[in-house]
Amino acid sequence: MKHEVIIAGFGGQGVMVMGQLLAYAGMAEGKHVSWMPSYGPEMRGGTANCAVIISDEPVGDPLVSEPTAAIMMNSPSLDKFWRGIKTGGDLILNGSLIEKEVGRNDIHRYRVPINQIAVGLGSEKMINMVALGALLAAVNIVSPERLLSCFAKKFAAKPAILASNTAAFQQGYDCVAKRTL
Amino acid sequence: MKHEVIIAGFGGQGVMVMGQLLAYAGMAEGKHVSWMPSYGPEMRGGTANCAVIISDEPVGDPLVSEPTAAIMMNSPSLDKFWRGIKTGGDLILNGSLIEKEVGRNDIHRYRVPINQIAVGLGSEKMINMVALGALLAAVNIVSPERLLSCFAKKFAAKPAILASNTAAFQQGYDCVAKRTL
Amino acid sequence: MLEKVLMKGNEAIGEAAIAAGCRYYFGYPITPQSELIEYMAKRLPEVGGMFLQAESEVAAINMVYGAAGAGARVMTSSSSPGVSLKQEGISYIAAGELPCVIVNIMRGGPGLGGIQPGQADYFQATKGGGHGDYHCIVIAPNSVQEMADLTALAFNLADRYRNPVMILGDGALGQMMEPVNFDSCKAMLTDKPWATTGMGTRDKPNSINTLQLQPEKLEEVNVHLQAKYALLQTQETRSEAIWTDDAELLVVAYGISSRIALSAVKRARDQGMKVGLFRPITLWPFPKSELADAVKMASAVLVVELSSGQMIEDVNLAIRCSKQVYFQGRTGGMMMKSSDIYDQILQIIAPQGGN
Amino acid sequence: MLEKVLMKGNEAIGEAAIAAGCRYYFGYPITPQSELIEYMAKRLPEVGGMFLQAESEVAAINMVYGAAGAGARVMTSSSSPGVSLKQEGISYIAAGELPCVIVNIMRGGPGLGGIQPGQADYFQATKGGGHGDYHCIVIAPNSVQEMADLTALAFNLADRYRNPVMILGDGALGQMMEPVNFDSCKAMLTDKPWATTGMGTRDKPNSINTLQLQPEKLEEVNVHLQAKYALLQTQETRSEAIWTDDAELLVVAYGISSRIALSAVKRARDQGMKVGLFRPITLWPFPKSELADAVKMASAVLVVELSSGQMIEDVNLAIRCSKQVYFQGRTGGMMMKSSDIYDQILQIIAPQGGN
Amino acid sequence: MSNKVFARPRALTDVATHYCPGCQHGIVHRLVAEVIDELDIQRKTIGVVPVGCSVLADQYFNVDCQQAAHGRAPAVATGIKRVHPDKVVFTYQGDGDIAAIGTAEIVHAAARGEKITTIFVNNAIYGMTGGQMAPTTLANQITATTPKGRQEDSAGSPIQLSEMLATLRGAKYIERVSVNSPAQMAKAKAAIKKAFETQLSGAGFAMVEVLATCPTNWGKTPVEATRWLNENMLPQFPLGVYKNANEV
Amino acid sequence: MSNKVFARPRALTDVATHYCPGCQHGIVHRLVAEVIDELDIQRKTIGVVPVGCSVLADQYFNVDCQQAAHGRAPAVATGIKRVHPDKVVFTYQGDGDIAAIGTAEIVHAAARGEKITTIFVNNAIYGMTGGQMAPTTLANQITATTPKGRQEDSAGSPIQLSEMLATLRGAKYIERVSVNSPAQMAKAKAAIKKAFETQLSGAGFAMVEVLATCPTNWGKTPVEATRWLNENMLPQFPLGVYKNANEV
Amino acid sequence: MPKPIFNQERCKGCELCFSACPKKIIAPADHFNQKGYRPAVCTDESQCIGCALCARACPDVVIEIYA
Amino acid sequence: MPKPIFNQERCKGCELCFSACPKKIIAPADHFNQKGYRPAVCTDESQCIGCALCARACPDVVIEIYA
Ligand SMILES: Cc1ncc(C[n+]2csc(CCOP(=O)(O)OP(=O)(O)O)c2C)c(N)n1
Ligand SMILES: Cc1ncc(C[n+]2csc(CCOP(=O)(O)OP(=O)(O)O)c2C)c(N)n1
Ligand code: SF4
Ligand code: SF4
Ligand code: SF4
Ligand code: SF4
Ligand code: SF4
Ligand code: SF4
Ligand SMILES: [Mg+2]
Ligand SMILES: [Mg+2]
């Protein structure tokens with residue numbers, strides 16, 4: 001099995017950390033993983049994205065041009081990537097910032113009001129975990145438990161934020177799993 | 001016919017100009033010529049030399065490792081070059097500064113008291129012309145007249161020095177030609 | 001075994017260097033290698049080492065010259081334009097036979113170019129972008145783990161042969177994260193009796209001077225260097241050969257391109273095509289005989305590079321122009337897709353095939 | 001015809017540049033090319049030109065970038081270590097497609113090396129010592145007359161192709177005097193609507209910028225450059241072939257080495273040996289097809305260089321490794337003698353002969 | 001519509017800049033452009049832009065421009081000015097560009113009295129590459145390459161470029177300004193104008209050092225950044241005229 | 001035999017130098033060596049010699065040495081000193097080396113307060129390459145690249161490096177001296193000693209600028225050259241202490 | 001009557017103009033622009049005195065002032 | 001009695017020591033050394049006061065002074 005995920009959004013939305021969490025979790029599950037960021041000054045203010053590959057075999061090409069799954073946190077990112085997603089793939093859309101429709105019926109589209117959910121839980125900073133929850137509900141890349149334990153490990157220094165982020169993850173997850181979209 | 005001449009001495013002895021005069025004269029006689037100096041900081045105080053080729057055919061290699069003729073203005077130069085001179089070649093030795101003998105019977109050796117002659121004529125600066133006179137008496141590389149006319153041309157700005165230098169040339173020439181060594 | 005950690009290639013080089021005993025780093029920021037200089041800024045003081053941000057790449061490489069001459073394990077890093085500025089210094093280091101490691105995380109050129117990955121500094125690295133007859137040992141990792149392992153190797157080779165070693169990576173390898181551990185990164189230290197450490201109890205001063213005004217002496221220096229290079233050519237080539245035994249088409253690629261190529265080669269193998277991959281790991285000394293061996297069964301070769309075609313010359317020389325050699329290159333920071341390579345493999349292997 | 005004058009190669013370059021319309025020179029002293037900078041210091045003001053001694057080679061090449069971008073015919077010159085320092089700037093100039101002439105009067109390397117003649121910067125000049133895929137046109141004169149003629153050509157090619165041109169000479173050619181005239185040194189001037197001269201009456205500003213953050217765009221730049229280079233390869237190779245028609249042994253040499261080789265080849269011909277000489281005049285673009293033609297009758301090739309073997313790679317590539325290729329090289333400022341070459345010719349042609 | 005009392009200067013193109021929100025590069029650009037407009041030299045001005053955040057300024061200045069290799073803008077400008085002595089040539093450089101890698105080039109342009117105008121934007125950091133130490137980084141300032149703050153004993157002390165260049169005879173006008181308030185901007189603009197006039201009069205080299213914020217790499221909001229500049233940079237980099245050797 | 005009252009210092013090897021007759025490089029060498037002897041640091045000193053006439057000084061100083069690329073001696077010395085902070089590292093540089101191509105390196109070594117000692121031999125010319133203009137060449141001085149004399153308007157004005165570096169906080173001791181007479185030599189030696197002591201005390205960067213003759217490229221006898229130096233160089237390069245920020 | 005005109009798509013929401021305005025009549029809009037910033041707007045044009053301090057404070061030349 | 005000793009082969013004949021000597025007892029020799037210079041010699045050792053000014057003036061450390 002090979003998951004090729006693209007996560008894209010504004011510079012400040014934490015898409016890089018999201019991708020790293022996913023890769024950590026994949027690694028923890030004994031998979032081969034790679035994480036590849038977009039980089040450079042154009043990131044500032046502009047869009048940022050990263051490509052995560054989680055695979056049973058060693059990763060060849062770390063670039064992802066046809067993702068099997070994608071999280072699109074804003075409109076410009078969606079414009080850039082929607083065409084490339086593999087048929088049958090999964091697309092998490094941040095409904096809070098994206099209004100337009102995606103004209104493809106050959107992929108699974110999940111419109112999640114990511115910012116609203118995070119704000120509802122107390123902080124926009126949690127949009128990451130909402131998005132990851134949604135993604136893992138849509139497609140079983142790594143187990144939700146593994147992801148949460150990786151989060152706990154990565155932010156071991158800040159145990160206070162674990163509970164709220166777990167809740168954010170769960171709401172994102174439920175949103176997709178229970179089709180409360 | 002191809003003459004390959006090495007002229008060597010102290011930095012201040014004007015060996016470079018000597019070689020250039022010879023090359024000019026060869027050029028004026030319609031020959032192919034090249035002039036190649038030793039160069040670099042080691043010249044200062046140390047020895048300097050140049051290689052002049054005057055030939056009926058285009059000059060290939062501008063370096064001279066086996067000169068057909070040589071002017072050696074001082075001892076260190078002689079030490080460096082005496083072995084390389086072609087059998088049958090001509091060697092002008094500055095007897096004023098060189099005491100040692102040259103252990104080769106297969107070349108023509110002319111010991112000329114170059115500095116004495118020049119000083120005798122009024123100035124050590126004329127050692128060049130003494131040496132060139134001696135050389136051209138020993139071997140007919142260019143005609144003496146041509147060399148003198150090239151001298152006149154090159155130092156057209158200083159007509160005053162022509163007469164004395166002509167005399168210097170002549171004395172060097174006679175010294176070899178008339179075997180007044 | 002140490003647990004694997006997820007790290008950027010740039011950072012893995014830094015950590016491996018420290019594991020290999022490097023305690024001195026001089027560098028200047030430039031994208032896409034700045035994570036390395038920043039990593040060293042943070043880590044070196046923690047291990048009792050010394051980090052210094054130089055005023056320029058020129059200063060950095062000359063600080064490396066000084067530190068290497070003084071006996072240290074020392075590193076610098078940059079990206080393409082910055083490495084161009086180091087060329088005079090690298091020539092001096094090679095001439096002085098000073099061991100050090102120089103990292104080039106290549107980006108698209110020429111000129112200021114861009115900051116996305118490239119492999120167009122192959123010639124500069126392998127043929128000598130500086131003046132005179134010299135060579136760096138040039139090593140091209142293709143994963144974050146190799147960024148680590150080969151960095152350690154680089155330090156050990158540098159000391160063993162008293163020669164600068166260049167790690168030739170690219171923006172993708174520098175920026176990407178993969179799991180890595182540093183188990184195999186060991187410092188094999190050597191004595192450096194030639195180093196300028198102050199005379200101490202020695203009875204004669206040491207001197208490092210690459211000037212030889214006597215051409216006879218300078219030629220001796222060159223003869224000595226060439227003998228070392230010949231030894232390196234026989235002893236220190238490294239390469240990887242995958243499915244080359246029966247390959248009718250041999251793909252040759254290094255660094256990041258080799259990963260992309262491998263995906264394509266795998267796919268072709270799955271389709272039953274006899275395709276193999278040859279990956280030079282040392283770009284200088286180039287694994288000539290290994291490649292000549294690997295190509296024996298092949299009727300054609302496909303060279304894949306993020307350049308307009310540089311390594312392809314060494315490939316042709318290694319196989320003595322005995323096969324048809326095809327090329328696939330992207331430039332300016334663009335990367336080929338493995339599907340592009342796959343398509344070209346198809347075309348080469350089954351050129352008759354219409355639609 | 002103008003009378004011939006006796007001049008140093010370095011000075012001939014200067015005078016030819018002026019004849020070819022060069023009015024701007026930026027440089028930094030270094031042996032063995034200092035006569036050129038000194039000549040320009042004296043002559044340029046006499047013809048209304050501008051001479052500036054820069055604070056370094058780095059500054060000089062960047063002043064050239066500025067002046068070339070501003071539309072001038074401009075030159076710089078240096079010798080090996082100084083040329084290494086110019087590599088970043090040269091890459092920028094090539095990327096910006098700015099016409100200029102860069103002179104390298106090579107000396108022995110690597111490092112500080114020596115000041116006697118060398119040819120060990122061939123790779124640097126032809127493959128690109130700087131970063132990225134770019135090429136200078138590289139021209140190698142072998143006499144003082146050619147120093148003049150090819151310098152004028154260099155300026156004209158630079159403008160025609162908007163490309164830097166490098167004159168690759170050596171200490172011997174720079175220092176030696178030979179008769180020379182400047183009859184054929186003419187300025188063929190071209191319009192430069194792209195130059196930054198101030199907008200004046202233009203309605204849009206001109207800009208020279210080698211940055212392309214979009215890799216797609218930077219790839220376009222590279223594709224454009226490669227197309228130009230391909231055109232140069234078909235249009236602008238230059239070479240000399242002497243007695244190659246029936247040559248069984250082909251000697252290949254450029255610059256000063258080619259003169260030494262020619263003496264040996266002549267002597268061998270005099271002895272009835274079928275030996276020829278092939279002399280690349282443009283080292284980049286390398287006269288591949290001309291050499292491939294010239295080598296047809298030969299069974300062996302002897303490459304002669306003042307290096308440990310650099311051009312030999314291009315020779316092998318040009319003849320597709322189809323012949324046995326021998327090498328004769330000297331380094332460190334030493335020069336081979338024509339008798340050495342003659343001896344090797346003998347050995348190759350009559351290897352059976354013992355005494 | 002009624003009259004514009006404040007409008008975009010002609011010497012700025014109508015292109016949105018890539019600068020971060022609140023980055024003062026934009027303000028410096030506008031002031032330079034206003035001076036070019038006021039001196040009516042747009043059609044004879046050639047700008048040289050650096051490697052640094054302002055690397056794309058050739059797209060913003062509505063004049064002929066060349067982009068220079070990192071640190072070499074003064075050399076490039078010299079090349080241009082020597083070819084076109086009757087034109088106006090200015091460089092626009094950051095602190096890393098001018099005071100680190102480009103130290104030799106700016107010192108010698110000044111020593112030569114090169115008739116160019118240099119706009120030096122000192123934000124005490126490498127903006128473009130993501131916030132590493134600059135030669136003007138303050139003592140103890142935290143940057144990506146001084147994670148514990150710049151230790152003067154090892155990483156050195158900030159270079160006061162204006163003071164340093166003022167020791168050179170060829171430098172004819174040197175002033176340090178700030179653009180943290182409209183009043184300071186007015187002073188900055190006057191200084192920039194003097195620096196251009198120094199060139200126009202043929203007197204020699206002129207430079208204006210502009211203290212500026214880099215909110216992104218300082219990790220501050222634009223408004224906080226202006227405050228930080230006042231409190232921290234001004235003491236190290238006193239404003240004022242460091243050289244005025246001409247009668248402009 | 002009786003006692004030697006003046007003898008060759010131990011820190012000089014017994015090798016004949018390649019310098020021209022009367023060249024003051026030899027005097028500066030001897031003074032540096034005497035200081036090394038007096039401070040008893042020969043066995044812990046590492047010298048860095050430049051590209052310039054003193055390129056072979058590693059053969060003359062009886063201490064460990066590295067030869068540096070043209071202008072880069074301060075960078076090389078930095079590399080050495082950072083590896084051996086307990087050793088004594090000095091550079092020996094000419095005016096072309098230190099004030100032209102090597103401007104950035106010396107400015108930054110000084111700005112960093114690098115704990116090295118620099119001996120800067122200012123002879124207002126490029127000696128080794130045959131007498132071209134140096135950054136310290138005087139106005140109107142004739143050289144191989146200023147055949148009509150250095151025109152300040154185009155070729156620039158002499159750089160006063162001591163004055164310039166004194167503006168940097170990391171520079172702790174800077175003095176300009178001459179060696180034209182035994183009395184001046186005594187002062188020069190005292191300055192060199194202070195510069196080494198500045199390093200030994202860990203205070204920071206120290207430099208002594210030594211005005212010196214180049215009879216060969218000035219086209220003068222050694223004795224004439226000393227006179228020319230007094231009459232022409234001293235007014236442009238006033239002797240004195242430009243920085244003394246330590247309590248040595 | 002003086003009037004500030006905001007080129008909203010150019011605004012980066014840096015807020016430097018807010019404090020520059022002596023009348024404190026500049027504030028963020030409710031909506032986002034294409035770049036994702038809340039552009040500055042004038043909350044009460046009638047109070048504007050046309051001093052152009054806002055325009056001068058803006059690094060992005062977003063504001064033009066009409067008299 | 002003080003005495004200057006000249007390492008004649010090292011002397012380059014620059015004459016800097018001549019004027020340095022307060023007793024003016026240094027002059028060029030009649031002969032040349034290997035390098036081709038007339039080496040400096042002391043014309044009257046008995047006058048030497050051992051001040052070593054000649055030795056200090058010499059760039060080539062030709063002179064040693066014995067007390
Ligand atoms: C030779 C070279 N070295 C390094 C770089 C990377 N680089 C780009 S911009 C920059 C520094 C920018 O800082 P500064 O000059 O202060 O400008 P700012 O971005 O702060 O305005 C560096 C180091 C480069 N492009 N070229
Ligand atoms: C990169 C480089 N550029 C130029 C040279 C040539 N070069 C050698 S020494 C020198 C200048 C020497 O002058 P200075 O530093 O004043 O020392 P001096 O000889 O006067 O003591 C130059 C330009 C070189 N070797 N390397
Ligand atoms: S990084 Fe700093 S200097 Fe660069 S654009 Fe952003 S705020 Fe401005
Ligand atoms: S050229 Fe000048 S500096 Fe060099 S050794 Fe001779 S006199 Fe001394
Ligand atoms: S012009 Fe003055 S009053 Fe009007 S909005 Fe702008 S700052 Fe406020
Ligand atoms: S200053 Fe300009 S960019 Fe910033 S908020 Fe105001 S209008 Fe927008
Ligand atoms: S020691 Fe004094 S008195 Fe004696 S020779 Fe020397 S300078 Fe003259
Ligand atoms: S100073 Fe020294 S080198 Fe000069 S003449 Fe006297 S002894 Fe000889
Ligand atoms: Mg900055
Ligand atoms: Mg000097």
Side-chain angles (χ1 to χ4, degrees), chain F residues 1-34 37 53-54 57 60-62 121 123 178-189 210 212-216 220-227 229, chain H:
Chain F
M1 214 196 244
S2 44
N3 263 351
K4 281 190 195 177
V5 296
F6 184 94
R8 192 176 192 80
R10 288 189 312 280
L12 278 190
T13 60
D14 192 26
V15 173
T17 73
H18 67 292
Y19 299 115
C20 304
C23 174
Q24 291 181 337
H25 270 303
I27 292 178
V28 183
H29 282 25
R30 197 190 69 229
L31 298 180
V32 170
E34 286 175 359
D37 281 2
C53 278
S54 45
Y60 311 144
F61 289 118
N62 201 0
V121 178
N123 57 14
S178 147
V179 290
N180 251 349
S181 70
Q184 285 182 324
M185 285 180 212
K187 274 200 179 174
K189 184 170 158 186
V210 187
T213 59
C214 172
T216 299
K220 304 203 159 23
T221 68
V223 174
E224 285 165 9
T226 56
R227 211 172 306 130
L229 186 152
Chain H
M1 221 177 59
K3 184 176 152 86
I5 304 280
F6 294 77
N7 183 345
Q8 293 200 2
E9 281 308 318
R10 286 280 169 84
C11 176
K12 295 172 181 165
C14 72
E15 309 195 350
L16 287 172
C17 55
F18 297 10
S19 47
C21 174
K23 298 290 170 189
K24 300 293 171 241
I25 49 175
I26 312 186
D30 290 337
H31 60 281
F32 293 88
N33 64 10
Q34 286 280 13
K35 289 199 188 98
Y37 301 113
R38 287 185 198 276
V41 290
C42 181
T43 53
D44 183 358
E45 286 187 3
S46 67
Q47 285 197 49
C48 175
I49 56 171
C51 66
L53 290 177
C54 57
R56 279 178 216 290
C58 175
D60 289 274
V61 204
V62 167
I63 312 168
E64 292 192 330
I65 309 293
Y66 289 80

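Below, chain A is the first sequence line, B the second, and so on; all start at residue 1.
- Within the 4.5 angstrom heavy-atom criterion, only side-chain atoms of L12(F), from C-beta onward, approach chain H.
- Neither the backbone nor the side chain of C11(H) has a heavy atom closer than 4.5 Å to any heavy atom of chain F.
- Heavy-atom contacts from other residues, nucleotides or ligands closer than 6.0 Å to NZ of K220(F) number more than 12.
- Of the residues listed (I65(H), I5(H), I63(H)), the one engaging F6(F) in a side-chain contact (heavy atoms from CB on, under 4.5 Å) is I65(H), and it is the only one.
- Contact of R30(F) with chain H is made through the side chain alone, with heavy-atom distances under 4.5 Å.
- Side-chain contact check for P21(F) versus Y37(H): some heavy-atom pair is nearer than 4.5 Å.
- Comparing V179(F), V15(F), T226(F) by how many heavy-atom pairs each has under 4.5 Å with chain H, the most go to V15(F).
- The shortest heavy-atom contact between P59(H) and C23(F) is CB-O, 3.2 Å.
- At a 4.5 Å heavy-atom cutoff, A20(H) makes no contact with chain F through either its backbone or its side chain.
- Side-chain atoms of E15(H) do not come within 3.5 Å of backbone N or O of P222(F) as any donor-acceptor pair.
- Remark: side-chain polar atoms of K12(H) are paired, donor with acceptor, to backbone N or O of Y19(F) under 3.5 angstrom.
- Here D60(H) contributes atom CG and C20(F) contributes atom SG; the two are 10.0 Å apart, rounded to the nearest 0.5 Å.
- Of all the heavy atoms in A67(H) and V5(F), the pair that sits closest is CB-CG1, 3.1 Å.
- For T221(F), no part lies under 4.5 angstrom from a heavy atom of chain H.
- Of all non-hydrogen atoms in V61(H) and R8(F), the two that sit nearest each other are CB-NH1, 3.2 Å.
- Contacts between R10(H) and chain F at a heavy-atom distance below 4.5 Å involve the side chain alone, from C-beta outward.
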